[in-house]
Amino acid sequence: MNKKIGIFDSGIGGTTTLKEIVKLLPNEDFIYYKDSKNNPYGEKKDEELYKIVSNIVEYLIKEDVKLIVIACNTATTKCISKLRDNYKDMIFVGTEPAIKVACDNNFKNTLVMATPATISSERTHELIINNKKEFENIILLSCDGLANAIEINNQDKIDYLLHKYLDKYKNDNIDAVVLGCTHYPLIKDKIKNYFKNAKLIDGNIGVAKQVKYQLETHNLLNKNNKKGSIQFVE
Ligand code: DGL
């Protein structure tokens with residue numbers, strides 16, 4: 001029997017990742033763990049977050065998944081190394097702020113929007129050190145509360161927070177905005193209003209390609225031609 005791909009996030013954000021994976025791998029079956037009850041991840045202490053995330057991983061392992069996608073920048077930047085150490089037989093694909101993509105494309109002023117935990121993570125700073133060229137300017141912007149406002153669909157709060165965080169960068173010639181939280185593509189149009197000429201970048205296509213690559217490498221792709229299924233759990 002074909003095994004499923006496990007995928008999780010602190011709620012609906014990871015569906016933006018799931019969408020890209022399904023586009024690339026339409027025959028795969030998925031089990032999506034929507035952990036809204038623990039949203040927001042981005043405002044949790046490291047230990048607490050690891051505990052939450054490892055419980056989900058154990059649940060998905062019991063469901064006999066063949067690969068786990070961490071469809072969350074926060075959980076990836078904070079927990080993926082420890083998860084790989086502690087669950088050596090599982091293949092993990094993570095989601096990171098697409099800072100490398102912005103740097104590879106030579107944007108001059110890149111604004112990285114992410115949760116407080118992602119912004120302060122070592123991994124985010126490593127991505128900048130490893131990829132930034134001298135002429136590139138990268139601004140890190142911690143968007144406290146935004147993922148949660150999106151999760152609970154509070155449009156007034158989303159508008160208020162975008163105004164609070166983005167207004168001051170409006171005239172800074174921002175040419176790229178990295179959406180460093182999987183919830184943010186859900187409000188892409190609103191963010192675009194602040195930076196009409198900027199390219200909005202998220203890591204979801206890269207994640208989908210990496211999932212495909214890992215399944216191919218481990219000979220785990222579903223071989224049938226039947227449209228795959230998605231099961232949501234929470
Ligand atoms: N969607 C998540 C991310 O990519 C986390 C949001 C949160 O729960 O704080 O970072």
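Numbering of ligands and ligand atoms starts at 1, following listing order. In this text, all values refer to a predicted model and were calculated from it rather than measured experimentally. Numbering of residues begins at 1 and proceeds along the displayed sequence.
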Does a donor on one side chain sit under 3.5 Å from an acceptor on the other, for [X] and [Y]?
{"X": "Lys133", "Y": "Asn106", "answer": "yes"}
{"X": "Glu151", "Y": "Ser36", "answer": "yes"}
{"X": "Thr182", "Y": "Thr17", "answer": "no"}

Could you list the atoms of ligand 1 found under 4.0 angstrom from a heavy atom of [X]?
{"X": "Gly42", "answer": "7 (C), 8 (O), 9 (O)"}
{"X": "Ala147", "answer": "6 (C), 7 (C), 9 (O)"}
{"X": "Cys181", "answer": "1 (N), 2 (C), 3 (C), 4 (O), 6 (C), 10 (O)"}
{"X": "Ser10", "answer": "5 (C), 6 (C), 7 (C), 8 (O)"}

Handout entry: Lys NZ or Arg CZ of Lys82 over Tyr50 ring: under 6.0 Å, within 45°
Key =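 Satisfied, under 6.0 Å and within 45°.
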Handout entry: Test of proximity, Asn73 against ligand 1: N or O pairs below 3.5 Å
Key =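 The answer is yes, given that Asn73 and ligand 1 share an N or O pair closer than 3.5 Å.
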Problem - Nitrogen or oxygen atoms of Thr118 and ligand 1 under 3.5 Å apart - result: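 In this structure, Thr118 places no N or O atom under 3.5 Å from an N or O of ligand 1.
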Exercise for the section: Please work out which of Thr182, Asp9, Ile70 has its closest non-hydrogen atom nearest to atom 4 (O) of ligand 1. Expected result: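 Minimum heavy-atom distance to atom 4 (O) of ligand 1 goes to Thr182.
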Practice task
Report the member of Asp144, Ile150, Thr74 with the shortest heavy-atom distance to atom 10 (O) of ligand 1.
Solution key: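 Minimum heavy-atom distance to atom 10 (O) of ligand 1 goes to Thr74.
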Problem - Gly180 to Thr118 - nearest heavy-atom pair and separation - result: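 It is O-CG2, 4.2 Å.
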Problem - OH/Tyr160: more than 12 non-hydrogen atoms of other groups inside 6.0 Å - result: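 At most 12 heavy atoms, drawn from other residues, nucleotides or ligands, come within 6.0 Å of this atom.
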